Each structure stands twice: as structure tokens, then as C-alpha cells.
Amino acid sequence: MMLSENEQKIISFLKTKGVSNSQEISSATGLPPSTVFSNLKLLESKGLVKILKEERKKLLFLTEEGRKRLVEGLPEEKLMMVLGGQPRKIEEVKEKMKEDFEIALGWARKRGWIEIDGDLIKPIVKEIQAPERDSLRALSKGQGIDHASVELLLKRKLVERREDKILEVELIKDVEAKPVEIYLTHEMLVSGDWEKREFKEYNVEADPPFLPIGRTHYFRDFIERVKDLMVSLGFSEVSSDYVELEFFNFDVLFQPQDHPAREIHDSFVVKGKGRLPPGRLVEEVKKTHETWWKYRWSPEVASNLVMRSQTTATTSRVLSRSPGSPLRVFTIGKVFRPDAIDATHLIEFHQMDGLVIEEGFNFRSLLSILREIFRGLGVKEVKFKPGYFPFTEPSVEVYGYVDPLGWVEMAGAGLLRREVTSPAGVSEPAGAWGIGIDRLAMLFLGVKDIRDLYSSDIEYLRHRRVV
Ligand SMILES: N[C@@H](Cc1ccccc1)C(=O)O
């Protein structure tokens, strides 16, 4: 029977134990777990060991830092060495300890090992022993440690919890193995020695170690695809900040300050005030509100800051720059609204707003663009219902048909009112819409809980199939 050096190491350890597991074998032989796995699979295929159990467990591993500290000592231990039982100048110690100085000082003080006196560090105790060192040593030998010690090591980032596979195995056949070579070396070739040696055979069926590859978050990916679609329809992307003036989130969009329409959806208020934009726009907006809504428009209210509650705020910022025509822009990003969080509601979610300004643009052109967008998104049938938004007239709600749910509300849209375009100096007709992106993503990606769209759980993301 031909056994490699690693296989022999494992076999001789198993001879002493009979039954063992991959973790124990790894710490006893010093072989990394992935090597132990592949060799155990090999040994199984040779009929020497039997795999009794294969399970996944969260295990503690020394971090790189932990391995370093195990060998070199913890920073506070080093500090005590540097002091060597004598008071020493802070500057001098700092010089010697370099980047470890701060941490060392913190822990040594916390443990009551030193005291600071003027510009001196004085040792208080002689015998020092950081308990972490023992814990690290025990762990590296595969021994268990108590809960408090684990917590301490985790806190100091000396260990981390990782999920790993464990194989429980039994030695079922005793073998006297003769050594085989794993590597064909330059020397063997030169001397011709290779002819006399035996080499380890390849096992193409052995499990390789699992190598996770980085990839884009699936919701990010979906958003990118929506962007691609919009660009392919001739739209350019625009964006603006999450923290927004009420002015752009509401006033420019003709939502009066003293009207319940302002609270058509609640918004998060941000402390402080923003600055209204220079130029004629503020005057024009004030005039429009006072003429049509008949109240005294307040620049104070308009300067309040909110977390934008709709990406239509970005649209109103574009308008405020009197962009000219023809214009086709879109924006996709987060909006914020207070709500009770559950499987279908979050306090932050995504919208995709669009704006078209074009000579001759009308309601029919708007519906046709919306049809085109939804077709591009994979929604085959759409239906329009009259709707209401303070800034559009006429307004529609867009419903899309999705199996097996039926008709689902997906967007709001309309032609921007003169009261919105005129103050911004836009004289051509303009169409706008806002599409709820999370809902769409959930439907297309088969996600049942909206919170999963924002998940950072590596296991979940790794195993999620991208549709
Ligand atoms: N901003 C509106 C949607 C909308 C955008 C643009 C035009 C009309 C409606 C909402 O959040 O509900």
C-alpha cells in the first residue's frame, strides 16, 4: 500500500486513537484542516478509514493576530518585559513598543500591573501572566476553554468563529505503509533517482477545499440591471443626497407646507437647517404656493432637513437647474419613511424615478415609456389606474401582472403640473414616475422577506441562487 507522508501522519495518529475527528487530527499532526479532509477522503477510498459522520460546526480559530500573540506574547506582557521591573519613561517605552504601545498600556493598567506617575510607567506586580496566553495555547492544542475566556479572546480579536466541516473517522485497517514521494524534484531528475522511487497517485475524486469567491450582492446586481435597462432606453443617471431640504422633497413638488398632503407619507426629520438655493427658484415657488394654496409660505419650513422620502426629490433638483429639453434622466436609490418593520415593510427602501422633458410630450407618450420600461423589466402586462400625486396631473398608478400573485401596484406616474415646471423655468411638457424597486426585486428574485434583500449574512448570500 502506497501512502503519502501526510497520509502516514494521519494513520499513525489514528493508530493511537482508533476513532477521531478532523479537527483533532489537524491539531495533532499540524496539518491544515483542508489537507486533513482531502487525505481522509483518500484514505477512505483506499479502504483504510471509515467516515462515521460529516457535520458543519461553528468553531473557534486563532486569527493571524492570535497566532502571533501566542508565540510573541501579548502586548501587555511585552510591556512588562520592556519595564523589566523598573519604572521607565513613557517616551522610552513607547519608542520600544511601537504600534503595540496603546493596547499594552490599556490592558496593563486595567489588570493593575502598572501605574502612571508623571512621565513614568511603574510596574506594580512582579509575576505576570495574561490569561489569554493560556487560552490561546489550549485552543491551539484542540483543548476547550471556558466561556468567559472565549468572550475575552473574541473581544480582543485573537480568535474568530468560523463555520467548518468536521469529519469523524475510524481506522478500519491497520497498515504498514511504505513511504512514497509527493514531489518530483529537480535533484531526483538530475540524479535519475526518480526511477527507483514510488510516487503518490492522484485522486481526482477527492474533495477540494471550499474556496468562497467574492461576488456582487444579488440586490445590488438587480439594481445594476435596472440601470442598464434605463441606459439602453436612452436615459442618463442622476443622483442626489439622502439628507434633503424639505424644499426639494416637498415644496418644489407643490406639496403645501400646511396641508395634509405634506404628510402623504411621513418622513424622518434631521436636526439643523439647510440652505435654500440661490436664484429665482425660491421666489417662484413661494409665489406659486401663495397664489394657489393661499397661505404664507415659510422659508424656515422649506429649510428643514429630512431624509428624502421619495427619489422625486432628485427630479426636483434636476428641474431646479432649468435643464432644458429634450431630457431623459433617471435616478435609483434609497428613500426613507417611518414605518413598522415587517416582512414587507422597511424604513428604507429603493425607488427609481424618471423624468422626461420633451416638446410634444403627452400623457400617451408617458404611458408608452412606462410600458416599455416594464416590458424591459420582464413584466409582460401592465394596467393603469387614475391616481393622485400633488405634483402630477393627470396621475396614474401602474399595476403589473405577475404570476401567481396577479395585479401588483408597481409605480406612480404622471405629467408634471405647470405649478412644478413653471417656477423652474421649464416650459415644455414633462413626465415623471417613481417605481418601487424592492417590491419588483422580491417578485423577480423570489424573495419572501424584504429584509433578505439587505442581508449581509454570508451563508445566505453564498447559497442564494441568482435568478
Ligand atoms: N414619488 C411618488 C411616486 C411618483 C413619482 C413621480 C411621479 C408621480 C409619482 C411616491 O413615492 O409615491
Side-chain angles (χ1 to χ4, degrees), residues 226 230 235 237-240 242 244-256 259-268 306-320 323 327-339 344-358 361-374 377 382-400 408-421 424 426 428-441 450:
V226 176
M230 294 309 290
F235 287 77
E237 189 180 356
V238 288
S239 67
S240 65
Y242 292 158
E244 185 54 283
L245 287 164
E246 279 203 28
F247 183 69
F248 287 114
N249 200 72
F250 296 120
D251 296 280
V252 174
L253 296 168
F254 200 47
Q255 286 181 245
H259 193 279
R262 192 83 160 207
E263 278 125 51
I264 203 163
H265 44 249
D266 292 334
S267 42
F268 286 110
V306 290
M307 297 302 286
R308 69 177 184 202
S309 60
Q310 47 188 351
T311 41
T312 320
T314 312
T315 306
S316 69
R317 278 195 175 262
V318 171
L319 281 176
S320 76
L327 180 89
R328 279 187 169 212
V329 293
F330 78 98
T331 186
I332 185 164
K334 268 191 189 173
V335 298
F336 307 82
R337 295 181 195 176
D339 208 337
T344 52
H345 296 88
L346 280 182
I347 56 174
E348 43 187 280
F349 50 96
H350 286 75
Q351 288 188 330
M352 191 270 274
D353 260 73
L355 170 68
V356 180
I357 307 177
E358 239 163 62
F361 192 81
N362 59 26
F363 196 55
R364 215 187 259 226
S365 350
L366 175 70
L367 300 191
S368 122
I369 285 193
L370 288 166
R371 271 212 187 83
E372 207 169 346
I373 293 174
F374 279 104
L377 288 172
V382 287
K383 192 158 86 171
F384 302 104
K385 276 194 189 177
Y388 170 76
F389 301 100
F391 36 92
T392 49
E393 181 60 34
S395 305
V396 285
E397 283 167 3
V398 188
Y399 288 75
V408 180
E409 188 182 346
M410 291 181 170
L415 293 181
L416 289 182
R417 302 181 75 110
R418 304 290 309 150
E419 292 83 349
V420 175
T421 50
V426 172
E428 300 86 352
W433 63 84
I435 301 178
I437 292 299
D438 304 61
R439 177 92 65 87
L440 271 181
I450 188 168

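The structure displayed is predicted, hence computed values, not measured ones. Note that ligands are numbered from 1 as they come in the structure, with each ligand's atoms numbered from 1 the same way. Counting begins at 1 with the first residue of the sequence.
The atoms of ligand 1 that sit less than 4.0 Å from any heavy atom of R337 are 10 (C), 11 (O). Less than 4.0 angstrom separates some heavy atom of Q310 from each of these atoms of ligand 1: 1 (N), 2 (C), 11 (O). Listed by atom number, the atoms of ligand 1 under 4.0 Å from D353 heavy atoms are 5 (C), 6 (C).
When only modelled atom types and interatomic distance are considered, Y242 and E244 share no side-chain donor-acceptor pair under 3.5 Å. In this model, no donor atom of one side chain and acceptor atom of the other lie less than 3.5 Å apart for T314 and D353.
Salt bridge status for E397 with K385: absent, with no side-chain N to carboxylate O gap under 4.0 Å.
Looking at T392, its side chain never comes within 3.5 Å of a backbone N or O of Y388 through a donor-acceptor pair. Distance alone, capped at 3.5 Å, is enough to place a donor-acceptor pair between the T331 side chain and the V238 backbone.
Atom CZ of R317 has more than 12 neighbouring heavy atoms from other residues, nucleotides or ligands inside a 6.0 Å radius.
Annotation: S309 places no N or O atom under 3.5 Å from an N or O atom of ligand 1; distance criterion only. Residue-to-ligand polar distances place T312 within reach of ligand 1: an N/O pair is separated by less than 3.5 Å. When only interatomic distances are considered, the shortest N/O to N/O separation between Q351 and ligand 1 falls below 3.5 Å. Every N/O-N/O distance between W433 and ligand 1 stays at or above 3.5 Å.
E397 does not count as a contact of ligand 1, since none of its heavy atoms falls under 4.0 Å from the ligand.
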